[in-house]
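No experiment lies behind these values; they were computed from the predicted model shown. Chain naming here is simple, since letters A, B, ... match the order of the sequence lines and numbering starts at 1 in each.
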Amino acid sequence: MKPANSPLRLAALAALVAPLALACSETTVTVLTQAPPGRAAFVDSETRTLTVTRGVAVALECTAWTEEYSGPCRDLSAALDNEALATILPVHLDALPGQTVRSSVGTTDETTVVGPADRAGFVLVASQAGSTGMTVSTPDGPPVSLELVVEDPPALPADE
Amino acid sequence: MNSTPPTLALAPPPLLLLLALGCSDGQLAQSAVDAPCPAGDLDCEAAPTTAPLAAGASLALEIRPVIVGGVSAAVSLRSGDDAVLVVEGGLLRAVAPGVAAVLAVGDDGAVVDLTHLTVVKADRLTLHRGGGAERDERAVPDAIQVFPGEELSLSLRVWSGAQALAGDVEESWTVTDPAFLLVDQGFPQERRLRAPSAGSATLTIDAVGLQHTLALEVVQ
């Protein structure tokens, strides 16, 4: 079903988070940007599908959590089974205001480091209609697998 | 192994809050995306690009990275769909109706910010007295009378329905009587016209596949 362009849907698609939790680690991929009116860039959390209209770019962020680590996905990679459908580009994301790294209470070498943290993500530019598998991987957590669906844009009145 | 099933959660990304507050035009809130000021408009402050581009027009889009800490960053433009928009010599050229992402890419290949622009087919041209900040928003009718030797500054606007379109279009201005002096002073979509002491003529403007005419009559 194609969602309607309601404000609710726009807010939901822009904020949708698709985490995959396994054991004591978790990888989260977050859609950061929304599509212009009449176009798509959203995650369906039920079908684990990322739908993007051809010509649209969408930025996604990856974070990971384990018992030992919480922060941006290190050594992030995003891969498509069919690379003809979209281009994946690295992205600069402004640092978070602070990140704390500390050891467990009671250890002799307890340290606390507070400082800006890099953020990890990528931009996907949809270029050809079709569907393919997409995998976001990091050594910090389980891979996130999604189905990428690239839709053709609707015909504009000016096209006619 | 202590595994938990996949879970889903909703969380408003802080960047979107910044966008909602209008801190930046780029969708990652890391750049300001502005259209250029009209030529000759010295009081203009660059405005956000909200108007669609006319198919066939060019736009000198200004993207200013706004990185935390005021870090300077070199960026170049990249189109998300060359069938809609292409980047030529730093300018965006609207090829055909549609929507395309425009990416500001740093010299390390990383996207600093992105936006989307719409290209539409123009369906109407209007002529206006004056140009730049002095442009009269009222369209000149199809026929006007002028005094002998009167000088007019005229500017062209391109429309799709009720929307004025962005971008500089290639245009051709011709007048049937060369006694009506037509001067191109280098401002896009603007001309100056000086009427002779007597006579009448038709000014014809061709742009983006459309034509607009203005009948001129010198009255004593």
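- Of the residues considered (B:Asp82, B:Val111, B:Asp81), B:Val111 shows the highest number of contacts with chain A, using heavy-atom pairs under 4.5 Å.
- Contacts of residues 49-60 of chain A with chain B at a heavy-atom distance below 4.5 Å involve A:Arg54, A:Gly55, A:Val56, A:Ala57, A:Ala59, listed in sequence order.
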Please tabulate, one pair per line, all N/O donor-acceptor pairs under 3.5 Å involving side-chain atoms of residues 122-129 of chain B, not counting sequence neighbours.
from     : atom 1 : to       : atom 2 : distance (Å)
B:Asp123 : OD1    : B:Gly161 : N      : 3.2
B:Asp123 : OD2    : B:Gly161 : N      : 3.0
B:Arg124 : NH2    : B:Gly161 : O      : 2.8
B:Thr126 : OG1    : B:His128 : NE2    : 2.8
B:Thr126 : OG1    : B:Trp159 : NE1    : 2.7
B:His128 : ND1    : B:Asp136 : O      : 2.9
B:His128 : ND1    : B:Glu137 : O      : 3.4
B:His128 : ND1    : B:Arg138 : O      : 3.4

Side-chain donor-acceptor distances from residues 99-106 of chain B under 3.5 Å, at least two apart:
none

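- Ranked by heavy-atom pairs shorter than 4.5 Å toward chain A, the options B:Gly80, B:Ala83, B:Ser79 are led by B:Gly80.
- The neighbour count for B:Asp184 CG, taken as heavy atoms of other residues, nucleotides or ligands under 6.0 Å away, is above 12.
- Of all non-hydrogen atoms in A:His92 and B:Ala110, the two that sit nearest each other are N-CB, 4.0 Å.
- In this structure, B:Arg78 and A:Leu89 approach most closely via the heavy-atom pair NH1-CD2, 3.5 Å.
- Annotation: B:Glu134, atom CD; neighbour count of heavy atoms from other residues, nucleotides and ligands within 6.0 Å does not exceed 12.
- Scanning all heavy atoms of the two residues, the minimum distance from A:Gln34 to B:His116 falls at O-CE1, 4.4 Å.
- Residues in residues 83-100 of chain B take part in these salt bridge (Lys or Arg N to Asp or Glu O under 4.0 Å) pairs, two or more places apart or across chains: B:Glu88-B:Arg93.
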From CA spacing to verdict: side chain to side chain contact (heavy atoms under 4.5 Å, CB included), A:Val91, B:Leu28: CA-CA 10 Å; A:Val91 64; B:Leu28 289 172; 3.8 Å; yes
